[in-house]
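As structure tokens, the structure follows; a few thoughts come after it.
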Amino acid sequence: MAMFQTLPGFREFYPDDLARRNYLFRLWRQTAAAYGFAEYDAPVLEPLDLYKAKSGDEIEAQLFSFTDKGGREVALRPEMTPTVCRLVGAKANALKRPIKWFSIGEFYRYERMQKGRGRCFFQLNADIFGEPGPEAETELIGLLVQCLCAFGLTEQDFYVRLSDRNLWFYYLAALGLDEPRTRGVLGAVDRYEKYGDDAFKGYTEQFGALDEALKAKVLAFLQIKSLPALEAVLSPLGNDRISARLADWRKLLGNLDAMGLSRFIEVDLGVVRGLAYYTGFVFEAFDRKGELRAIAGGGRYDDLVGKLGNVDLPAVGFAIGDMTFALLLEQRGLTPSLVQAPDVYCVIGGEAERKAAFGAIQALRAAGFRVDYPLKDVAFGKQFKAAAEAGARLALIFGSDELAKGIVRVRDMNDRSERDVALGEIVAAVRDSL
RNA sequence: GCGGCCAUAGCUCAGUUGGUUAGAGCACAUGAUUGUGAUUCAUGGGGUCGCGGGUUCGAAUCCCGUUGGCCGCCCCA
């Protein structure tokens, strides 16, 4: 047994694992770039207060935090949002709008491990700053959907639930609830899907039982699954800000429809997301089978940059975690096998031939081809086997007979055909054959 | 933080009522095969049975503790 184990919840990436991870990151990067997002990065270790400021003391229990040698209270980052708010806030006046940024980074949370959750994980974070209107949500939801579709997932595999905390606030205000009670009701709404009527226990303890007629309206509202149903409930109220908000909804859904993404989107007012800092549209991606935890989540947080970056700036963002996402790809058989195959494997007759082979190997590698060869003398049969197992497309045979004639035999490992090439033309010959 | 199940080779696992030197398949390595990828066969390396303690003449096996894993609850930024 190993004398040292990895810390609980931490992960090691052997070459095959890392190849899969890199594949994830590569497609995410390409997709984010295609949508016009610029990549940034920032420290893994941050002042503890950065997270307290955003989320309160309670969050500290789930933080990897400690005191550094300079006596500073620090924490490994559990998420990107506070950091990116600080970054943007610090240069807000110098940055071209809209600010469309993304990053891929590792995050740490001191939590109990579970399926799809460890103590370290990677996330793609994408955010737009400086755009208050639903055009920003259009871009982000579009990007989110494509970040999943890029791997071959379809509307059969996942969907995005779209909701709106503003509409909840406006609606509950119109029903006569004050802000604390509104937050209490939203807490119940967040839990309703899981606990049913028990979700209102917390509210009842704090404020007393919710009026039955009011509760019926809340329950009806959280079950709304379409824009027309939403309009039917809200339009009669004749409330200006609600009307304006419905216009935002029409714009967002219209935009997404024009992008051909309607089949991924489900209006679902039952989603409010627990985070107190979300201020508008919120959205979450789930697998259709409902077997996994959320694949991605995001929403608008217009007040956070002001709080953490000292400049008022509207913002929307989302994050996709790598663990649940990898489980989904696995379930759907979409995890590719990514063997790092060489282009060329050199079969070398013996020590004398090796010298000649090195020249060609060096030239091929300098030209950018992936070239491998046995480090020590091995029987010919073994070398061909090794070439086949490595997945090489070509085998170059550096035998004594060939080298005596100044040539190398090029074997195509797929169709087993062979041809001779002058030693000096090896690079061109390989280029032609691949 | 709470609860359930689990821990034997790199992987998947077997291991009798507690009883010789703890096994198999896969994987890996070598050879049969000194110029061509398969199959097959042979051989080999690799385990203080997660760790610590206890019971016993004797523990992978029974008991206690501990660490780690899986699953669920809380939480999920």
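Here is how names work: the chains are called A, B, and so on, in the same order as the sequence lines, proteins then strands, and each is numbered from 1.
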Rounded to the nearest angstrom, tell me the gap between atom [atom1] in [X] and atom [atom2] in [N].
X	N	atom1	atom2	answer
A:M113	B:G68	CE	C1'	10 Å
A:E12	B:G69	CD	C1'	14 Å
A:E389	B:A29	CD	C1'	12 Å
A:L7	B:G68	CG	P	8 Å
A:Q62	B:C2	CD	P	15 Å
A:I348	B:U36	CD1	C1'	15 Å
A:D322	B:C76	CG	C1'	15 Å
A:R119	B:G1	CZ	P	8 Å

Of the nucleotides [options], which one has an atom closest to the side chain of [X]?
X	options	result
A:R109	B:C76, B:G35, B:C73	B:C76
A:K194	B:G37, B:C76, B:G69	B:C76
A:K382	B:G72, B:G31, B:G69	B:G31
A:F380	B:G35, B:G69, B:G37	B:G35
A:R191	B:C71, B:C75, B:G35	B:C75
A:A388	B:G37, B:G31, B:G35	B:G37
A:P8	B:G69, B:C71, B:U36	B:G69
A:E111	B:G72, B:C75, B:U36	B:C75
A:R112	B:G37, B:G35, B:C73	B:C73

Does any nucleotide pair with [N] by Watson-Crick or G-U wobble geometry, both distances under 3.5 Å, and what is it?
N	answer
B:G3	B:C71
B:C26	B:G10
B:U34	none
B:C51	B:G65

Mind checking if [X] touches a base, just sugar-phosphate, or nothing, with heavy atoms under 4.0 Å?
X	result
A:Q383	nothing
A:M413	base
A:E402	base
A:G391	nothing
A:R409	base

Main chain of [Y], side chain of [X]: is a donor-acceptor contact present, judged purely on distance under 3.5 Å?
X	Y	value
A:R300	A:F281	no
A:E139	A:A136	no
A:D372	A:P342	no
A:Q383	A:I348	yes
A:R354	A:L375	yes

Would you measure the distance from the [atom1] atom in [N] across to the matching atom in [M] and give it in whole Å?
N	M	atom1	value
B:G4	B:G23	C1'	31 Å
B:U40	B:A27	P	10 Å
B:G65	B:C28	P	43 Å
B:A29	B:A22	C1'	23 Å
B:C75	B:U16	P	44 Å
B:A7	B:C51	C1'	11 Å
B:G47	B:A24	P	15 Å
B:C2	B:C11	P	30 Å

*asked:* Using heavy-atom distances to pick each residue's nearest nucleotide on RNA chain B, tell me which of A:A387 and A:A379 is more 5'.
replied: A:A379
*asked:* Both A:Q114 and A:E284 contact RNA chain B. Which one's nearest nucleotide lies toward the 5' end?
replied: A:Q114
*Polar pair under 3.5 Å, donor/acceptor by atom type, side chain A:R411, base B:U36*: yes
*For the side-chain contact (heavy atoms from CB on, under 4.5 Å) test, which of A:F318, A:W101, A:F107 pairs with A:N125?*
A:F107
*Result of checking A:D268, A:I265, A:L269, A:V267 against A:R161 for side-chain contact (heavy atoms from CB on, under 4.5 Å)*: A:D268
*Any idea how A:W28 and A:F325 line up, ring-wise: parallel (<30°), tilted (30 to 60°), or perpendicular (>60°)?*
tilted
*Has A:R117 got a side-chain N or O lying under 4.0 Å from the OP1 or OP2 atom of B:C71?*
no
